[in-house]
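Notes follow the structure.
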Amino acid sequence: MAKGPKRPTRDEFALEELGERLVEAKHEQSELLFTVWNWDYQPCGKIVNMDSRTKMVHVSNQGEIIKIPFLDIMKVESSY
């Protein structure tokens, strides 16, 4: 049984750094551009919620909420 490509693994330090960057961006209400593993497009917007139970980052863009799995976020950058 063939499975799709596996998500690249990252060490605990890289994930912790990403989490801190997301918390800071949420606090500052920064507009971000996300690179998400296995997505065909790069979502952008402001973080409105980080759900620790589902491990989803909720991003608002023009009134629409996009839910991105935390572990699938490969890169985050300012969208300016």
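Bear in mind the structure is a predicted one, so any value in this text is a computation, not a measurement.
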**Message:** Please find the pair of heavy atoms, one from Pro69 and one from Trp39, that lie closest to each other, and give the distance.
**Reply:** CD-CZ2, 4.1 Å
**Complete:** On a heavy-atom basis, the closest approach of Leu18 and Arg10 is CD2-NH1, 3.8 Å
**Message:** Are Leu15 and Phe13 linked, directly or through intermediate hydrophobic residues, by side-chain heavy-atom contacts shorter than 4.5 Å (ILVMFWY only)?
**Reply:** no
**Asked** Is it the case that one hydrophobic cluster holds both Tyr41 and Met56, taking links as side-chain heavy atoms less than 4.5 Å apart, direct or via other members?
**Response** no
**Item:** CD on Gln29 to CD1 on Ile47, rounded to 0.5 Å
**Value:** 11.0 Å
**Request:** Applying side chain to side chain contact (heavy atoms under 4.5 Å, CB included), run through Ile73 and Leu22 and close with a yes or a no.
**Result:** CA-CA 10 Å; Ile73 298 172; Leu22 295 177; 4.1 Å; yes
**Message:** Which heavy atom of Val57 sits nearest to which heavy atom of Met50, and what is that distance?
**Reply:** CG1-CG, 4.4 Å
**Item:** Residue pair Ile66 / Pro43: nearest heavy atoms and the distance that separates them
**Value:** CD1-CB, 4.0 Å
**Prompt:** Between Glu77 and Thr35, is any pair of side-chain heavy atoms under 4.5 Å apart?
**Reply:** yes
**Item:** Minimal non-hydrogen separation, Asp72 against Arg7, with atom names
**Value:** OD1-NE, 2.6 Å
**ILVMFWY cluster, Leu71 and Ile68 together (side-chain gap under 4.5 Å)** = yes
**Request:** For Glu28, look at atom CD and say whether over 12 heavy atoms of other residues, nucleotides or ligands are found less than 6.0 Å away.
**Result:** yes
**Asked** How many angstroms lie between atom CG of Asn61 and atom CG of Leu32, to the nearest 0.5 angstrom?
**Response** 11.0 Å
**Item:** NZ-CZ distance between Lys75 and Phe34, expressed to the nearest 0.5 angstrom
**Value:** 13.0 Å
**Request:** Taking all heavy atoms of Met74 and all of Pro8, pick out the closest pair and write down the distance.
**Result:** SD-CG, 4.0 Å
**Request:** Answer yes if Val59 and Val23 sit in the same cluster of Ile, Leu, Val, Met, Phe, Trp and Tyr residues linked by side chain heavy atoms under 4.5 Å apart, and no otherwise.
**Result:** yes
**Prompt:** What's the spacing between Lys67 NZ and His58 NE2 if we round to 0.5 Å?
**Reply:** 4.5 Å
